[in-house]
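Structure first, then comments.
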Amino acid sequence: MIDVTLHLAPVTVRVRSPFATVRRHLETFYPDALHGSGKARHFIDFDIHITHGTGWRRWLRPQARFFLDHAEPFLPLPATQAAPLFEWGLNWCLASRPLGYLVMHAAVVARDDDALVMPGAPGAGKSTLCAALTFIDQWRLLSDELAILAPECGTLQPNPRPISLKNESIDIVSRFPGTRLGRRYTDTRKGTISHAAPPATSHSAAARQARCRWVIFPRFVPGSAPRSEEIGRAEAFARIAEQSFNRDRMGETGFHALCEMLDKARCFDIAYDSTDTALAMVRSITGR
Amino acid sequence: MQSSACKRLVATLKTPTQAAALDLAAWSELVANARAANLAGLLAERLAAADVAIPPEAARHLDAVRQLSRRQALSVRWEVHGLQRALCRLGIPLVLLKGAAYAVSDHPVGRGRLFGDIDILVPHDALGDVELRLMVAGWASAKTSPYDQRYYRTWMHELPPMVNVRRGTVLDVHHTILPLTSRHSPDAGTIIREASTLPGLPAVRIPRPEHLLIHSIVHLLHEGELHNGLRDLFDIDGLLRAGASEADFWPRVVEASRTLDVVAPVAFGLHLARHLLDSPIPPPVLEDLLNAAGGPASRLLTMLYTTAMRPENEAAESAAAALARFAIYVRAHWLRMPPYLLLRHLAHKSIVRLKKDEPAADGRA
């Protein structure tokens with residue numbers, strides 16, 4: 001049984017779990033953020049408990065259940081997936097609990113304080129490209145899943161956590177320089193998944209916010225000729241708003257925050273069939 | 001309400017200035033408890049009104065909930081305009097209940113409150129037309145099993161919940177305020193007739209203050225599930241405080257309890273509000289109501305509610321709370337329907353649950 005506090009910009013999380021796999025996952029990916037003693041002295045944003053199923057389920061078809069403050073927001077998973085359940089659950093917490101941020105489904109990387117936001121349609125190769133930018137071109141990772149926009153200052157809040165890789169992209173990313181992958185989880189809802197640890201530099205700059213300069217909608221199309229097209233802000237607004245988890249709940253505040261974010265950004269639609277092509281296009285768009 | 005954390009939540013809601021003395025761990029617990037009790041918005045509003053300095057870690061949660069509740073109040077108004085459009089041709093009054101009534105009439109109780117669904121009350125003989133019009137406007141029944149449909153239509157005080165196919169908002173259409181099978185038989189016509197109109201919404205009505213209070217109490221005591229028990233009790237406290245600003249409020253509460261045949265639940269509900277929240281109720285009023293209901297409030301029942309009425313996160317960890325909640329659940333069903341029907345209903349529900357292996361929480365009906 002572990003009971004730890006995780007200081008993980010922009011939140012502090014208490015995690016309790018009897019699963020050894022969850023403990024190993026936290027030790028592997030969050031060594032600097034981990035602190036003992038779950039509850040004392042800190043303000044806890046999310047109180048997370050990942051635990052066994054009850055009754056016969058504990059032995060016959062073992063489950064991992066996710067609790068946030070004693071409420072169970074989604075269905076249990078097989079016990080072997082307890083660690084990925086933590087990552088998914090934490091994403092859900094950040095996207096669902098009112099914290100004053102506009103949260104979008106997008107990868108975010110930055111150079112200095114200039115951020116590149118890549119909204120994610122599933123299967124578009126967002127995580128692979130995000131990992132390539134992080135490990136090959138040394139962009140700073142803010143998040144590979146969640147763009148967290150603070151409306152009052154219009155900046156993106158880093159949340160550097162393991163990059164979640166699916167299926168073929170696991171092997172591709174494992175060949176990038178300096179990657180460190182965790183174990184593979186087969187037969188999940190999303191196929192085989194594995195996590196890549198962000199570089200230490202991304203962790204150490206976790207308090208440094210960034211401003212959106214570019215929005216790129218990436219699309220991996222096998223065998224296609226590379227294509228890069230600048231698109232209007234209105235179109236980008238409509239497309240990125242669709243990827244927002246809490247736009248409706250954020251109301252006018254969220255609307256204005258997104259407008260302001262796009263006002264300062266150039267937006268592009270790119271299609272590519274290899275990581276190298278994609279990196280070259282991002283370099284020419286951002287000039288970095 | 002026996003744990004220190006729960007007591008602190010209630011005490012802070014009543015006297016917000018005492019929060020100034022809390023350390024960060026205590027703030028953490030306070031916010032978590034308030035959220036679990038669905039009272040975070042009220043806490044945020046009361047702390048702000050009292051000008052209490054809140055540490056930034058806690059403030060962002062409370063500010064965000066406040067923002068969400070304002071946003072929800074807007075959405076509810078918007079939905080009510082949609083209902084007005086959908087039902088205006090019927091020429092019937094459309095009475096808002098609970099959260100929707102508080103939000104649309106700018107009642108102080110609505111401040112910081114979060115909404116689950118929208119409750120409306122319509123005349124019983126218009127029910128068929130109402131349902132049809134709502135379906136045309138995009139509302140569909142959320143309960144698909146024939147048993148659930150029959151359960152609601154034959155025995156309950158409302159149609160099966162309707163869900164808007166585009167927006168996912170849930171609408172409860174009531175034709176009276178208690179199940180048809182209940183021991184009490186309030187005449188909803190009184191509430192509908194006496195409800196007041198709103199500017200710009202010709203079909204929409206807001207119940208009289210005493211009816212809002214009485215409905216809130218009856219709802220809490222007959223619902224049987226206490227997920228929002230403490231929140232509902234604070235609603236009751238807010239309603240009676242706001243109502244008492246009218247000179248003849250308390251005589252009207254007594255009178256309306258008699259007219260609606262709900263003296264006993266109203267007496268007990270007021271007793272509970274005074275017992276747990278020190279709500280200001282004139283002692284002679286409470287005494288009269290309790291006497292009319294047949295004597296002093298049951299000690300056992302008071303104890304059960306005192307044990308059960310706490311934020312969800314704590315209730316989940318307390319065996320005593322679980323037991324008290326089960327007792328209240330059974331009692332509420334006992335009040336809702338005669339014994340043979342209760343047995344039949346519970347048997348049916350447990351068989352369905354076994355077959356589907358569904359968690360008990362889903363079997364709300």
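Every chain is numbered from 1 and lettered A, B, ... according to where its sequence line falls, protein lines coming before strand lines.
With a 4.5 Å cut-off on non-hydrogen atoms, A:N246 does not touch chain B at all. Both the backbone and the side chain of B:A58 come within contact range of chain A, with heavy atoms under 4.5 Å apart.
Interatomic distance, A:T253 OG1 to B:R71 CZ, rounded to the nearest 0.5 Å: 9.5 Å. In this structure, CE on A:M250 lies 5.0 Å from CD on B:Q67, to the nearest 0.5 angstrom. Here A:R249 contributes atom CZ and B:S75 contributes atom OG; the two are 11.5 Å apart, rounded to the nearest 0.5 Å. For the atom pair B:Q72 CD and A:D248 CG, the distance stands at 11.5 Å (nearest 0.5 Å).
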Could you give me the CA-CA distance, side-chain angles and deciding distance for A:H42 and B:L24, then say whether side chain to side chain contact (heavy atoms under 4.5 Å, CB included) is met?
CA-CA 6 Å; A:H42 305 288; B:L24 209 50; over 6 Å; no
Does the side chain to side chain contact (heavy atoms under 4.5 Å, CB included) test come out yes or no for A:F43 and B:E29, once each step is laid out?
CA-CA 8 Å; A:F43 188 94; B:E29 197 174 62; over 6 Å; no
Assess the residue pair B:R35 and A:R97 against the criterion (side chain to side chain contact (heavy atoms under 4.5 Å, CB included)); give the C-alpha distance rounded to whole Å, side-chain angles, the decisive distance to 0.1 Å, and a yes or no.
CA-CA 10 Å; B:R35 185 189 299 109; A:R97 174 161 285 179; 3.1 Å; yes
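Annotation for B:F326: atom CZ does not count as buried by contact number, only 12 or fewer foreign heavy atoms lying within 6.0 Å. Heavy-atom contacts from other residues, nucleotides or ligands closer than 6.0 Å to CD of B:Q18 number more than 12. Within a 6.0 Å sphere centred on CZ of B:R85, other residues, nucleotides and ligands contribute 12 heavy atoms or fewer. In this structure, A:D263 places its CG atom where more than 12 heavy-atom neighbours from other residues, nucleotides or ligands lie under 6.0 Å away.
The two atoms that bring A:G100 and B:A64 nearest to each other are N-CB, 3.4 Å, heavy atoms only. What you find for A:Y101 and B:R60 is that their closest heavy atoms are OH-NH1, 3.2 Å. Scanning both residues, B:L68 and A:P98, for their nearest heavy atoms gives CD2-CG, 3.8 Å.
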